[in-house]
Amino acid sequence: MSASELKRIYFDHSATTRVLPEVEEAMRPFFLEKWGNASSIHSFGREARAAIEQARKQVANLLNADPAEVVFTSGGTESDNLAVKGVAMYKGKMKGHLITTKVEHHAVSEPCEWLKRFGFEVTYLPVSSEGFVDPGEVERAIRNDTILISVMMANNEIGTIQPVREIGMIAHEKGIPFHTDAVQSIGKMHVDVKAENIDLLSLSAHKFHGPKGIGALFVKKGTKIEPIIQGGGQERGLRSSTENVPGIVGLGKAAEIAKRDLEHTCARMKNLRDKMIKHVPELVPRAYVNGNKTRRLVNNAHFRFDFIEGEGLILQLDMKGIAASTGSACSTGSLEPSHVLLALGLTHEQAHGSLRVTLGRENTEEEVDILLEVLPGIVSKLREISPFSAERPMGPGEGASCVQ
Amino acid sequence: MYSDKVMEHFANPRNVGEIVDADGIGKVGNPQCGDVMWLYIKVKDNIITDIKFKTFGCGAAIATSSMITELARGKTIEEAKKISRSDVADQLGGLPAVKMHCSNLAADALKEAIKDYEAKQAAKGKPA
């Protein structure tokens with residue numbers, strides 16, 4: 001039986017989500033009917049402008065922000081780039097110190113690495129074995145020339161939720177802007193930029209049932225930030241380029257729905273997550289949960305299995321119609337295991353044997369039951385192929401030490 | 001990203017297992033990616049009569065392991081020595097570029113197993 005004949009199950013919602021019909025419906029008029037340029041003064045422009053400002057309110061409402069504090073971008077990566085580079089390079093000051101963590105998405109860590117080429121210095125804070133950043137470490141890392149602190153709200157791989165409020169408070173006591181990458185958090189937890197002491201927050205529509213190619217950066221009033229894309233001066237000069245009106249409308253609608261449905265979708269996903277976290281280690285010998293069991297995103301379950309490699313697991317699940325992902329970078333085109341799992345202190349072979357299951361609002365208990373039913377057999381099939389076992393574990397220097 | 005042939009061998013790998021009284025064993029590992037492959041051969045009258053493998057690694061690593069057992073079984077030692085990494089990849093309809101180096105260990109494992117067989121033969125005083 002081919003995968004196309006199977007009922008497919010999608011457990012990879014941290015990669016992307018389905019656009020909800022309501023969102024698609026809201027976007028539709030902005031392709032064929034209301035296709036104006038929002039900068040135009042005529043009626044075509046005005047209807048596009050009105051739609052953008054409505055979406056800005058919807059996003060602001062989701063975050064407990066002021067609409068004037070919402071800047072539309074092309075997605076989470078651009079929002080992170082704008083926050084990190086835009087603050088660091090404010091008024092052309094090409095030096096200073098940034099604090100971030102070893103478990104950030106590359107959209108934060110790569111801009112930081114880029115800034116180092118121009119003389120900036122970056123501290124990457126370590127995390128605990130469950131992936132937590134210690135606010136005390138943040139405080140101790142602060143220097144006189146620290147210009148930005150960036151700590152993600154929740155991790156994209158293992159779902160660990162960071163103590164953002166405490167870190168934001170420390171940043172504010174020292175007068176340092178605080179950025180958080182909330183790309184995975186929206187729609188999965190309550191987000192309030194005021195209560196959480198946030199100055200800059202990145203989000204991406206397609207992670208919460210909006211379209212791809214659109215995101216936003218919350219920029220608290222008074223935050224000193226420079227645009228990284230220059231041009232016609234849209235988005236109050238912070239992000240030039242003709243606005244992606246259908247995308248912005250879709251983001252607005254997705255934000256409205258995320259807020260409206262937050263409580264019941266979170267409760268539903270949390271139930272399913274907890275069921276997996278409880279049962280997978282019971283059903284599969286030598287299976288472990290990565291990250292903290294409760295202080296994690298309601299939709300994230302992350303496991304590792306001794307003696308097997310994660311990509312095989314993903315391919316076997318795919319053959320059963322189940323889409324999940326792995327902590328092993330082997331399947332994502334890079335051969336190094338995940339920097340997040342290594343930061344937890346896992347060995348390379350442990351990091352290679354990982355499985356990430358990320359739920360969405362549309363997943364059902366029946367789907368989780370199917371996963372729980374097929375997973376033990378898949379793991380034992382792969383273990384039969386593996387030279388390693390409880391009786392014969394991998395020894396040091398047997399290949400999987402992955403030293404660069 | 002994988003060819004149908006790779007997926008077919010991954011889904012139904014041939015000749016998985018160990019040979020307890022193997023005449024040659026090849027154990028290779030790639031420290032870059034973490035793949036480990038153990039290959040066992042049984043040789044009679046200079047012909048590989050049985051071959052089995054165990055592999056820790058990604059889909060490509062398992063598929064190449066399975067493929068080499070098919071390519072080597074029934075071959076003479078001299079013929080088997082000529083099987084190259086690219087023969088394995090070609091027979092599988094190609095491998096993704098990123099996997100060509102890392103997960104294409106099977107030909108190396110076969111060479112190691114033959115080397116082990118020849119060393120054992122030499123130790124017994126027979127011509128290899």
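For the numbers below, each heavy atom of this structure counts, side chains included, while hydrogens, waters and symmetry mates do not. Chain naming here is simple, since letters A, B, ... match the order of the sequence lines and numbering starts at 1 in each.
The CE atom of B/M37 sits 12.5 Å away from the OG atom of A/S386 when rounded to the nearest 0.5 Å.
The environment of B/K27 atom NZ is dense: over 12 non-hydrogen atoms of other residues, nucleotides or ligands sit within 6.0 angstrom.
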*side-chain contact (heavy atoms from CB on, under 4.5 Å) evaluation trace for B/M7 with A/M319*: CA-CA 9 Å; B/M7 283 307 294; A/M319 290 189 289; 4.2 Å; yes

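Minimum interatomic distance between A/I385 and B/P13 (heavy atoms only, all atoms of both residues): CD1-CG, 3.7 Å. A pairwise comparison of heavy atoms in B/V36 and A/M394 identifies CG2-CE, 4.3 Å as the closest pair. Residues A/E309 and B/F56 come closest through the heavy atom pair N-CE1, 4.1 Å.
B/A60 touches chain A through its backbone: at least one of N, CA, C or O sits under 4.5 Å from a heavy atom, while the side chain does not. With a threshold of 4.5 angstrom between heavy atoms, A/Q316 approaches chain B through its backbone and through its side chain. The part of A/I308 that comes within reach of chain B is its backbone (N, CA, C, O), which places non-hydrogen atoms under 4.5 angstrom from that chain.
Between A/E311 and B/K99, at least one side-chain nitrogen of the basic residue sits less than 4.0 Å from a carboxylate oxygen of the acidic one, meeting the salt-bridge criterion.
Within residues 374-383 of chain A, the residues having any heavy atom under 4.5 Å from a heavy atom of chain B are, by residue number, A/K381, A/L382.
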